[in-house]
Amino acid sequence: MRFPVILYEYPFNERIRTLLRLEDLFDRLVYFATREHPYDHHAALVTLFEILEVASRADLKSDLLQELERQRQVLGGFRNSPAVSSDALDAILADIELVSRQLNESPGKTGQYLRDNEWLMSIRSRLIIPGGACEFDLPSYYAWQQRSGEERRTDLEQWLLPLMPLRHSLAIVLKLLRESASRAQVVAVSGSYQQMLTGRTYQMLQARVDPDLGVVPEISANKYMLWVRFSQTGSGELKPKTVDGEVPFEIALCNL
């Protein structure tokens with residue numbers, strides 16, 4: 001599929017960085033879990049362990065609950081605004097209420113039920129070793145891989161299901177963050193673009209770039225200024241080189 005632009009997202013803080021990583025991992029897990037081949041389900045299981053690692057932050061659940069409650073209060077203030085669709089507002093508020101309740105009802109530490117599964121943890125410990133999940137290392141895991149695709153998918157769904165409130169919660173937070181974007185068409189002169197933030201706090205930057213330009217943005221930022229530098233890559237072993245000409249692109253700053 002050919003996309004008209006390539007979207008690059010750059011988080012300004014560790015919380016948004018964690019949410020973006022989890023979003024990517026959940027998408028990857030669902031993709032592999034719904035397929036058929038044992039290699040796909042191996043990739044799904046590896047990704048599940050990555051989610052477990054990233055989601056192990058003790059404050060992630062409380063952070064999401066606090067953010068969802070804050071957004072519920074902010075959005076509730078628009079209820080009588082003629083510029084806001086009441087149906088759309090009611091729908092997002094209902095979604096927030098539902099996922100908040102589900103996340104709040106999730107017992108204990110995120111993914112603890114996976115950590116309590118000795119069989120899964122034995123696989124996880126072997127996956128640290130390159131090639132450590134071969135049939136002679138983990139015969140029970142190899143036997144599981146020989147089951148039908150339907151049986152393996154059922155197991156994967158069972159292991160994933162308790163994590164779905166987390167996925168739905170971060171999806172709402174990121175959706176609202178992206179919809180808050182203030183967009184502008186800008187030009188990087190000599191391959192470089194700078195913008196003063198004038199004291200405003202942002203949580204994420206989006207850069208949309210025409211793929212036909214063959215350039216890649218390198219983004220950095222602090223509380224005072226952001227920089228976008230473009231480079232070009234060739235084929236094979238060629239190192240990226242700085243772009244000398246002008247690069248038009250769209251920039252968007254997001255903040256909840």
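Treat the numbers as computed from the prediction; the structure is a model and nothing was measured.
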As an exercise, state the distance from CZ of R101 to CD1 of I96, rounded to the nearest 0.5 Å. 13.0 Å
For residues 130-141, pull every pair meeting salt bridge (charged side-chain N to carboxylate O under 4.0 Å, His left out), keeping only residues two or more places apart or in separate chains. R126-D137
In short, L93 meets G76 closest at the heavy-atom pair CD2-N, 4.4 Å
Non-hydrogen atoms of H37 and Y39 that approach each other most closely: ND1-N, 3.0 Å
With sequence neighbours left out, the residues meeting salt bridge (charged side-chain N to carboxylate O under 4.0 Å, His left out) with E36 are R153
Can you check side chain to side chain contact (heavy atoms under 4.5 Å, CB included) on L120 and L45, steps first, answer last? CA-CA 9 Å; L120 287 177; L45 202 54; 4.1 Å; yes
Show the numbers, then the answer: is there a side chain to side chain contact (heavy atoms under 4.5 Å, CB included) between I172 and L176? CA-CA 6 Å; I172 288 180; L176 293 172; 4.0 Å; yes
Does the R152 side chain pair with the main chain of R147, one donor and one acceptor, at a distance under 3.5 Å? yes
Excluding sequence neighbours, so at least two apart, what forms side-chain hydrogen bond (donor to acceptor under 3.5 Å, both in side chains) with Q195? Y193
If we ignore angles and hydrogens, is there a donor and acceptor under 3.5 Å between the side chains of S148 and E151? yes
Expected output: side-chain H168 to main-chain S100 donor-acceptor under 3.5 Å: no
Check A33 against A44 and note the closest heavy-atom contact, atom names and distance. N-CB, 3.9 Å
Please answer: with hydrophobic residues joined when any side-chain heavy atoms are less than 4.5 Å apart, are V74 and I16 in the same cluster? yes
Distance col, row L22:CG vs R17:CZ, nearest 0.5 angstrom, shows 13.0 Å
Listed once per pair and sorted, the side chain to side chain donor-acceptor pair (under 3.5 Å) pairs that draw on residues 155-165, sequence neighbours left out: W144-D155
With sequence neighbours excluded, tell me which residues meet side-chain hydrogen bond (donor to acceptor under 3.5 Å, both in side chains) with D27. R167
Exam field: side chain R115 to backbone T110, donor-acceptor pair closer than 3.5 Å: yes
Find out if a path of hydrophobic residues (ILVMFWY) with successive side-chain heavy-atom gaps under 4.5 Å connects V187 to V243. no
Is there side-chain contact between M121 and L52, with at least one heavy-atom pair below 4.5 Å? yes
Same cluster for L161 and L156 if Ile/Leu/Val/Met/Phe/Trp/Tyr side chains link at under 4.5 Å? yes
For Y142, check ring pair (Phe, Tyr, Trp, His ring centres under 6.0 Å) against everything at least two apart and list the hits. none
Using side chain to side chain contact (heavy atoms under 4.5 Å, CB included) as the criterion, list what pairs up with D24, not counting sequence neighbours. R28
Report yes if some heavy atom in the side chain of L138 is under 4.5 Å from a heavy atom in the side chain of W119; otherwise report no. no
Output, in order, the C-alpha distance, side-chain angles, deciding distance and verdict of side chain to side chain contact (heavy atoms under 4.5 Å, CB included) for Q203 and L177. CA-CA 8 Å; Q203 298 187 56; L177 178 62; 4.1 Å; yes
Ion pair present between E97 and R72, side-chain N to carboxylate O less than 4.0 angstrom? no
Determine whether a donor-acceptor pair (N or O, by modelled atom type, separation under 3.5 Å) exists between the side chain of N255 and the backbone of T201. yes
Taking only residues two or more places apart in sequence or in another chain, which ones pass side-chain hydrogen bond (donor to acceptor under 3.5 Å, both in side chains) with E53? R124
Taking K61 for its side chain and S106 for its backbone only, find out whether a donor-acceptor pair lies under 3.5 Å. yes
Mind checking whether L127 and I123 have side chains closer than 4.5 Å, heavy atoms only? yes
Between Q232 and L213, the two heavy atoms sitting closest are NE2-O, 3.8 Å
Find out whether F26 and L160 are in side-chain contact, i.e. whether some heavy atom of one side chain is under 4.5 Å from a heavy atom of the other. yes
Would you say that more than 12 heavy atoms from the other residues, nucleotides or ligands in this model lie under 6.0 Å from the CD of E150, or not? no
Donor-acceptor pairs under 3.5 angstrom involving side-chain atoms of residues 5-12: please list them, not counting sequence neighbours.
{"unit_1": "E9", "atom_1": "OE1", "unit_2": "R178", "atom_2": "NH2", "d": "2.9"}
{"unit_1": "E9", "atom_1": "OE2", "unit_2": "R178", "atom_2": "NE", "d": "2.9"}
{"unit_1": "E9", "atom_1": "OE2", "unit_2": "Q206", "atom_2": "NE2", "d": "2.9"}

Would you say the side chains of S192 and W227 form a donor-acceptor pair under 3.5 Å? no
Rounded distance [0.5 Å steps], CG in L170 versus CG in L60: 8.0 Å
Heavy-atom distance under 4.5 Å between the side chains of L226 and I219, does that happen here? no
Measure across L64 and S169 and return the closest heavy-atom pair with its distance rounded to 0.1 Å. CD1-CB, 4.2 Å
Within the 4.5 Å heavy-atom criterion, are F32 and V46 side-chain neighbours or not? no
Excluding sequence neighbours, so at least two apart, what forms salt bridge (charged side-chain N to carboxylate O under 4.0 Å, His left out) with K241? none
Between CG of L65 and CZ of R70, what distance do you get to the nearest 0.5 Å? 14.0 Å
Are the side chains of T242 and S231 in touch, meaning some heavy atoms are under 4.5 Å apart? no
Kindly write out the residues that satisfy side-chain hydrogen bond (donor to acceptor under 3.5 Å, both in side chains) with T154, not counting sequence neighbours, or none if the list is empty. none
Tested for side-chain hydrogen bond (donor to acceptor under 3.5 Å, both in side chains) against E69, the lone hit among Q71, Q73, Q66 is Q73
Between L114 and N117, does the side chain to side chain contact (heavy atoms under 4.5 Å, CB included) criterion hold? Intermediate values first, please. CA-CA 5 Å; L114 294 172; N117 188 315; 5.6 Å; no
A side-chain contact here means heavy atoms from C-beta on lying under 4.5 Å apart; do M225 and L197 qualify? no
Hits for salt bridge (charged side-chain N to carboxylate O under 4.0 Å, His left out) against E246, two or more places apart or cross-chain, chain-then-number order -> none
dist I51:CD1 -> S56:OG (nearest 0.5 Å) comes out at 12.5 Å
Over all atoms of both residues, closest heavy-atom pair of S220 and R229: OG-NH1, 3.3 Å
Separation between CZ of F230 and OG of S190, rounded to the nearest 0.5 Å: 13.0 Å
